[in-house]
Asks: 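Have a look at this one.
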Amino acid sequence: MDSALIPEGVKRCSVGKFLIFLGVVGAVLLWGVFAMLLCWIKGLNQTNMNDYYGFALWIWADLAVIALGGGAFFTGFLRYIIGKDELKNIINYAVLIGFICYSSALLILAIDIGQPLRGWFIFWHANVHSMLTEVAFCLSCYFGVLTIEYLPLILENRQLEKVPFFHHLSHNMHEIMAVFAATGAFLSFFHQGSLGGVSGVLFGRPFGYREGIFIWPWTFFLFTWSAAACGPCFTILITKITEKVTRKKLVKDNVIELLAKISGWMLATYTIAKILDTWYWASVTAPSKGFWVLDFYSNNPFYGPWILVLEIIICGVLPALILITESGRKSKPALLLAVILAAIGVSVNRWVMVLQVMAVPVMPFDSWYMYFPSWQEIATTILPVAYGVILIGLSHRYLPIFPQEKELNPVD
Amino acid sequence: MNKQHNKAKKFGMVIDLDKCTGCGACMVACMAENNVPFKADETNKLDSITWLRVYKLTNGKSFPNADFCYLPRPCMHCEGSHGHSPCVSVCPATATDYSHETGIVSQIYTRCFGCRYCMAACPYHARYFNWWDPVWPEGMEKYLNPNVSVRMRGIVEKCSFCYHRYQLAMEKAYYEGRREIEEQEYQTACTQACPAGAIVFGDLDNPEHAVHELKKNPNAFRLLERLGTNPKVYYISSREWVRQAGDNYLRQEGKSEKN
Amino acid sequence: MKVSRRTFLSIGSFIVGGAAGTALSPLPWKLTDDLSIWTQNWPWTPMPERGEVSYVNSVCTLCPGGCGISVRKVNDRAVKIEGMKGHPVNDGGICILGLSGLQLLYGPTRIKTPLKRVGEKGQGKFKKISWDEALKEVAEKLGTLRSEGKSHTVACVSGSACGTVPQLLKRLLTVYGSPNFMSVPTMQDAYAVTLKLMHGVDACPGFDVENADFILSFGSGIIEGWGSTVRMFKANSAWQDKKIKVVQIESRMSNTAAKAAKWIPARPGSEGVLALGIAYMMLRDGLYKKEVCDSAAGFEDFRKTVSENYAPENIAAATGIEKETIESLAKEFAGAASPLAICGRGQGHTPGSQYEFMAVHALNALAGNINKAGGVFTVPDPKYIAWAEPELDETAQKGMSSPRIDGAGSETYPHAKSLLNRLPPAILSAQGECPVQALLISEANPCYTLSDTQTVKKAFAKIPFVVSFSSYMDETAQYADIILPNHAYLERLEDAPAYAAGLSKPVIGLSKPVVTPQFDTKHTGDAVIALAKALGDKVAAAFPWESYAACLEETLGDKWKSLNEKCFAVVEESIEAPLQFFKQECKPVFAEGDEKQYPFVLMPYDSIRLANGFIGNTPFLTKTVPDTVLRKNDIFVEINPKSAGGDSLSLREGSAVMLTTPKGSAKVRVHLSEEIMPGVIAIPRGLGHTAYDKYLAGKGINCNELIGPAEDSGSGFDAVWGIRAKLSSVSI
Amino acid sequence: MSKPVDHKKEVLGDGSGGFAILFFLLGLVASLIVGWVVYPKLLYSQKNQPVDFNHALHIDLVDEGCESCHFFREDGTYSGVPKLAQCIGCHEEVQGETKDEAIFVEQYVKQGREVPWLIYAKQPDCVFFSHVAHVKAGGMDCVTCHGHIGESASLKVYEENRITGYSRDIWGKNISGLKTNTWDRMKMDDCSECHEEKGVNATSVQTGKGACFVCHK
């Protein structure tokens with residue numbers, strides 16, 4: 001029925017099957033939309049957020065997807081600026097994942113702020129001193145870049161491509177993609193960094209506060225670094241999942257391994273930097289404010305300091321070691337484990353640097369409170385996941401996302 | 001250019017914790033003056049708006065050596081360094097600001113779009129988010145004070161040192177051909193109400209104001225001074241453990257830094 | 001195919017053109033701006049009207065403290081209550097309840113029109129009726145009872161006995177023919193009996209706290225609302241400045257105890273014993289004012305009794321206080337120039353045992369500080385209400401000669417003027433017809449404030465005709481048959497004599513209307529006059545005034561003008577008070593219940609953030625209640641961690657437990673606290689309302705339901721201060 | 001169906017381009033009309049004042065100009081639109097023969113009802129505008145912000161923004177938001193323009209301009 005839209009030379013599941021898939025994920029999406037509307041109409045009292053968890057699940061999801069979407073800018077950077085040509089076989093997917101992640105981030109932000117209709121104040125009445133202003137500008141601009149990067153992919157649809165205007169547009173955009181990739185990399189450096197700066201500049205919150213270089217706290221660089229390291233891991237992870245779901249090999253191993261190797265070294269260096277940062281913070285910054293490092297964790301009744309072990313050792317050192325060793329990269333289960341851990345690691349880092357910064361008591365007579373998100377928060381957090389799955393489904397079905405698919409899966 | 005400027009002032013508070021009885025009159029005076037809303041259930045203190053909150057500090061000892069002390073916590077109106085208080089510089093929409101004229105950290109409710117970054121920045125939990133629409137039982141909205149805007153849901157609010165009272169005092173001064181006001185012309189609602197006379201308010205830089213001397217009391221301290229927030233609310237306590245409880249200290253610092 | 005493609009392109013171009021044109025028009029930009037402005041002015045977020053500001057001075061009547069208030073108005077709305085500067089009682093200060101008074105004035109608990117009961121008693125179902133109907137119905141009922149010769153079965157409960165409105169009610173009862181005028185007892189009544197017995201005078205106590213230089217407080221909540229709240233707060237601050245020592249004797253560390261220079265956690269209920277223990281030391285070491293005491297009547301008897309029974313070793317077990325502590329207390333107390341011993345637990349809303357009051361007063365007597373600066377003054381009862389003696393007809397004379405239902409003034413209870421606590425048992429124990437056929441209630445909420453509230457409610461349900469004058473839908477109003485709502489306190493003109501607040505120089509205040517009445521209410525004074533006129537004849541003749549306002553103006557006479565201007569007049573009257581030591585026949589009051597079955601002693605405590613009398617807590621006050629006291633609807637019982645880990649119990653912070661006393665049980669949560677004596681547990685007064693609104697009703701439990709009355713053998717007052725209790729685990 | 005490719009070329013190559021441009025222009029013009037003409041009409045509702053008022057007539061009869069009726073109270077606050085009490089002195093009985101005068105006296109003065117005037121210059125609730133600071137301390141005249149309303153013989157129609165509830169005078173008559181006179185608009189930008197120029201309390205740490213609390217509450 002929709003065969004005219006499907007790229008030539010590849011095989012897709014039946015329309016019925018695809019519609020069932022869309023229906024199931026669409027139902028989840030609608031559930032999320034319902035929760036979103038509740039939050040917009042009734043206000044944020046629909047959540048379990050409070051004055052001690054003003055930054056909660058959503059902002060965590062926001063920072064996490066932005067970090068995980070970092071694969072787009074870094075892969076683009078490697079492909080177009082450094083000239084790792086093999087990566088052209090995965091760049092499309094990296095861009096799509098990035099697009100999904102960034103549009104989700106913007107959507108979550110639109111739900112998370114108390115006055116969505118005033119959201120544009122951040123641009124119109126911008127305070128240049130605020131890290132969040134920097135985030136907003138770079139994030140929006142980079143989303144624009146991602147849209148521009150994603151657009152030619154859409155235009156490559158078999159039917160759209162027939163329109164000469166679109167065909168030429170798509171072709172010309174491909175030609176100048178390096179410019180956009182460079183812009184994207186530049187913007188990403190700043191917004192990933194300024195997201196790190198969000199907690200790093202809070203000198204009233206010794207848990208998050210970091211000293212730094214010029215106006216940037218160290219978390220500025222650590223966030224960019226970790227996004228560059230873990231974003232591609234997430235791209236690999238999603239590629240692997242897509243291959244599993246479609247029961248097809250979509251990207252050749254050498255491409256994956258190259259990306260994994262680069263990520264591995266990024267992750268390794270990042271982890272070293274993170275350890276140094278943690279050490280300096282624990283031994284110099286925090287004590288100067290009167291805190292022994294375990295003070296920050298001791299009152300947490302749930303996970304205590306174990307979260308530090310999880311983030312740095314299990315989800316930092318371990319995946320880095322797997323990815324920088326050739327045998328680790330070549331072993332499929334090890335690679336999968338490594339990219340999963342890396343994705344978890346960067347998410348845990350964002351959790352710590354967002355929720356905990358606000359929840360750790362600073363006044364000696366204040367307390368740690370626990371928080372569990374309401375169903376509305378969970379639903380609205382799952383909403384972008386459902387939306388991402390649908391967009392991937394549609395894109396995979398109708399767009400030539402994987403250039404190697406035809407070669408790897410010859411149709412009889 | 002400068003002729004239109006009013007003299008720079010630095011309003012601040014000195015709260016005598018030896019006198020404070022923890023009665024909560026300051027909290028209610030503040031709520032009544034500033035149109036702070038209330039819900040049917042306000043027992044969840046994590047979403048209960050109290051611009052001025054009275055904390056109960058305990059010395060951690062067991063009966064009969066236990067002791068406690070109340071500590072009223074308004075907004076500290078941190079000066080940080082050169083007015084860069086923790087919250088002011090982080091607001092992306094310039095909804096909160098620090099004025100060198102008064103030293104007051106302002107919050108403009110109609111500008112705020114509710115990102116809550118300032119709340120994350122404030123270590124004193126002095127900022128409150130309006131999770132709910134403010135609702136008064138029918139008829140009760142009659143007591144609302146027109147000098148203070150009622151806050152809509154979805155934005156952050158906090159203690160303003162009753163800034164509207166400064167505005168009104170200045171209006172009177174202008175009417176009478178003055179550009180300056182006397183100490184008594186501008187007092188916050190909590191200061192005025194405190195039945196124990198524990199709160200003193202004025203210009204910290206003005207030697208004629210009581211707070212100028214009081215803040216030099218050897219028993220005076222500020223909350224979390226070590227963070228560099230440079231708050232403008234001072235506390236006085238003759239009890240050492242109370243003064244110690246105002247900041248964080250490492251064990252080896254021997255709790256002797258402030259006596 | 002051809003057409004559809006063209007259509008597609010055309011529509012596409014149209015849309016693109018439209019988008020471009022829209023972007024070039026003000027529409028999207030102005031709309032974006034306007035939508036954000038809409039969020040800044042949401043129609044459902046109230047926007048108070050601006051206007052001209054004015055101030056009205058008045059007197060707060062939410063408690064007997066007599067503070068001057070200055071109410072800020074914008075146009076005709078009252079927007080803020082502040083303390084009146086220069087007022088002799090509070091000089092600009094104001095308490096937490098007074099500050100939130102506008103929530104009472106404009107609050108949802110106001111009764112807006114006269115009401116007539118339609119449901120069962122206590123159910124709170126009423127219908128609106130007119131004032132004419134309501135007054136007529138009450139007058140007819142009273143008229144019928146009177147004509148049936150049952151005038152003495154009509155009773156009246158008033159929040160206070162002081163002031164023109166209570167006196168008008170009393171006058172109505174008198175000319176109608178009933179002796180049963182009752183007021184809600186407080187520590188002032190126990191003090192009045194003490195002064196009567198030890199000085200032979202009808203007087204109120206006046207504590208010269210401003211000039212005292214050593215304060216020995218037997219559980220008085222100096223900064224919890226005892227006496228005139230703001231005045232005590234100011235005194236406390238002045239003591240801090242002057243380094244004057246306060247010693248607080250109390251088994252739980254109240255705010256007062258925490259602020260005091262010394263906290264002595266004595267066993268609960270042993271305060272009187274400890275006072276006499278200190279007296280023992282003073283007598284033994286000759287530390288008392290011999291020139292005052294030696295000549296006083298009964299002194300030798302007193303000395304003998306104390307010397308025989310109150311040596312430190314005799315009382316150590318009862319009080320839990322060591323000899324050295326008692327000795328040094330006695331030395332410090334006697335050594336001070338103007339020491340002052342005070343009692344009356346917490347806010348002093350309950351009378352307490354005569355034994356304790358007299359023991360504490362004896363300390364003041366021994367220190368020679370009666371009617372001395374810094375001591376206790378005997379302040380004569382107010383005399384400004386001097387109406388002509390009413391003429392009683394035969395029915396009235398007959399009615400007035402019948403015995404009082406509560407037994408006050410009888411041989412058994414010669415000293416008490418009224419014993420409200422004895423009313424419920426009198427009703428419930430009567431055979432046949434209810435001894436109270438009609439009850440008038442003004443400014444009182446006995447169905448909440450009296451001990452063993454369930455029994456009180458049962459008694460009230462038995463009274464055939466209850467008339468409430470309450471401005472608010474409180475628990476007692478719910479038991480009324482007719483409600484004649486009074487103007488709220490900021491709507492009415494009334495005298496506010498502050499005699500019951502321990503002021504050394506009492507103040508007569510004039511409470512002035514700040515706003516016009518918001519609803520269809522009527523001043524109780526006017527309602528009483530209207531009822532009297534409707535009853536006719538000599539009853540009507542005793543009320544010659546055309547309105548309450550006229551009555552008040554006439555009553556205040558030459559004071560009227562200055563009161564109207566200043567809102568207060570300071571009374572400088574004193575009374576001779578010869579000292580006599582009354583032989584201690586009174587007994588301490590013990591906590592009810594078997595020690596084995598009930599291992600704990602449960603004590604209610606007063607908190608300044610919880611109004612626990614006739615006035616229900618305001619939403620603002622409830623908002624300030626800490627989450628270690630109330631969480632959602634659960635109340636917390638304070639318990640020392642040492643007691644919490646008993647054999648069968650292993651209580652943690654927040655555990656749910658069943659709190660059981662001989663009077664009842666309730667589910668509560670645990671708050672572990674080092675600020676309470678092991679073996680003692682405590683819950684606050686002022687919660688557990690069933691009436692009022694959603695901001696108050698259903699929150700926590702009313703401790704009065706768990707506590708039974710304990711009649712004092714000396715006075716007949718309810719002197720209960722606690723009850724034995726047990727905690728048992730429950731599943732949540 | 002035999003030559004679909006040719007069809008495509010034909011359609012795209014010839015007629016379609018012209019159609020596309022035509023419809024593009026149609027869309028452009030239509031939306032411009034909607035945005036510039038229809039939208040403002042829909043956005044503002046028109047309300048007449050309850051009673052007309054002749055400023056020009058009154059200004060000749062009073063001694064102290066605008067402040068005769070729009071005066072300062074002793075606490076420095078500004079009384080704004082006069083209350084009935086100020087009018088009663090002269091208008092206890094009907095003066096003159098206009099219909100509005102009759103309505104004013106009969107429906108308002110005699111019944112003791114305040115006139116629900118619609119206030120053109122009403123600032124939103126979040127604004128603390130101090131008249132005394134501008135007029136007494138700043139020495140400004142009324143015209144700068146209010147224009148020549150004092151010389152008008154009749155009150156103009158009050159236009160209310162249906163979304164915001166604001167008077168149209170805040171945004172200004174011109175829907176584009178452009179102005180020529182100081183009194184054409186009363187938005188925050190207009191206040192800050194003058195404040196910046198004069199350097200009024202430029203004490204904000206964030207902006208270096210006037211601090212927020214100078215004009216907001």
Side-chain angles (χ1 to χ4, degrees), chain C residues 1-57 70-77 79-80 82 85 516, chain D residues 1 4 7-8 10-12 14-40 42-44 73-80 83 85 114 122-129 161-166 170-171 174-178 187:
Chain C
M1 200 62 191
K2 196 174 172 181
V3 177
S4 76
R5 196 180 287 275
R6 184 175 287 176
T7 314
F8 170 77
L9 267 178
S10 306
I11 292 173
S13 306
F14 187 80
I15 289 171
V16 173
T22 307
L24 291 171
S25 82
L27 192 148
W29 320 109
K30 177 95 171 100
L31 190 64
T32 307
D33 190 33
D34 280 354
L35 281 176
S36 66
I37 295 173
W38 172 69
T39 69
Q40 295 169 343
N41 297 279
W42 273 335
W44 60 87
T45 302
M47 212 168 274
E49 194 195 344
R50 303 173 202 187
E52 184 168 10
V53 173
S54 60
Y55 289 85
V56 179
N57 284 345
S70 182
V71 184
R72 184 161 82 236
K73 286 177 70 179
V74 173
N75 296 340
D76 55 357
R77 302 186 290 123
V79 299
K80 176 87 189 288
E82 283 158 5
K85 284 220 173 73
T516 50
Chain D
M1 288 300 280
H7 266 289
K8 191 180 89 184
E10 186 186 283
V11 170
L12 291 174
D14 304 330
S16 281
F19 263 105
I21 291 165
L22 177 70
F23 274 93
F24 176 82
L25 287 176
L26 266 177
L28 186 75
V29 171
S31 58
L32 285 174
I33 292 171
V34 168
W36 286 94
V37 183
V38 180
Y39 177 63
L42 289 173
L43 184 61
Y44 292 105
R73 303 191 190 101
E74 273 182 24
D75 59 4
T77 57
Y78 180 65
S79 64
K83 295 266 188 242
E114 291 292 343
K122 186 167 184 171
Q123 285 293 320
D125 186 64
C126 61
V127 174
F128 175 83
F129 182 81
N161 186 315
R162 291 181 205 267
I163 299 173
T164 64
Y166 284 12
I170 305 299
W171 174 267
N174 191 338
I175 194 70
S176 71
L178 297 175
K187 284 204 66 140

Asks: Over all heavy atoms of both residues, which pair between D:Trp36 and C:Ser25 is shortest? Give the atoms and the distance, please.
Replies: NE1-CA, 3.2 Å
Asks: Inspect the surroundings of CD in C:Glu49 and state if more than 12 heavy atoms from other residues, nucleotides or ligands are less than 6.0 Å away.
Replies: no
Asks: Quick check for you: to the nearest 0.5 Å, what is the distance between D:Lys122 atom NZ and C:Arg50 atom CZ?
Replies: 6.5 Å
Asks: Between C:Leu24, C:Leu27, C:Ile15, which has the largest tally of heavy atom pairs under 4.5 Å with chain D?
Replies: C:Leu27
Asks: Flag the one option from C:Ile11, C:Val16, C:Val53 with the top tally of heavy-atom pairs under 4.5 Å to chain D.
Replies: C:Val16
Asks: Output the option from D:Val29, D:Leu43, D:Val38 having the highest count of non-hydrogen pairs under 4.5 Å with chain C.
Replies: D:Leu43
Asks: Okay, side chain of D:Ser31, backbone of C:Gly18: is any donor-acceptor separation there less than 3.5 Å?
Replies: yes
Asks: Going by atom types alone, do C:Asn41 and D:Tyr166 pair a side-chain donor with an acceptor below 3.5 Å?
Replies: yes
Asks: Kindly give the heavy-atom pair with the smallest separation between D:Phe24 and C:Ala20, and that separation in Å.
Replies: CZ-CB, 4.4 Å
Asks: For D:Leu25, is it the side chain, the backbone, both, or neither that has a heavy atom closer than 4.5 Å to a heavy atom of chain C?
Replies: neither
Asks: Which atom pair, heavy atoms only, marks the closest approach of C:Asp33 to D:Trp171?
Replies: OD2-CZ3, 3.4 Å
Asks: Evaluate side-chain contact (heavy atoms from CB on, under 4.5 Å) for C:Lys30 paired with D:Asn161, printing each intermediate quantity in order.
Replies: CA-CA 11 Å; C:Lys30 177 95 171 100; D:Asn161 186 315; 3.6 Å; yes
Asks: Measure D:Thr77 against the heavy atoms of chain C and call it side chain, backbone, both or neither at under 4.5 Å.
Replies: neither
Asks: Find the one option among C:Ala23, C:Gly12, C:Gly51, C:Pro28 whose heavy-atom pairs under 4.5 Å with chain D are most numerous.
Replies: C:Gly51
Asks: Can you see which heavy atom on D:Thr164 is nearest to which on C:Trp38, and at what distance?
Replies: CG2-N, 4.1 Å
Asks: Any chance you could measure D:Cys126, atom SG, to C:Gln40, atom CD, to the nearest 0.5 Å?
Replies: 6.0 Å
Asks: Please look at D:Asp75 and chain C and tell me whether the side chain, the backbone, both or neither of the residue comes under 4.5 angstrom of a heavy atom of that chain.
Replies: side chain
Asks: Quick check: are there more than 12 heavy atoms from other residues, nucleotides or ligands sitting under 6.0 Å from CH2 of C:Trp29?
Replies: no
Asks: Taking side chain as everything from C-beta outward and backbone as N, CA, C, O, which of these in D:Lys187 sits under 4.5 Å from a heavy atom of chain C? Side chain, backbone, both or neither.
Replies: side chain
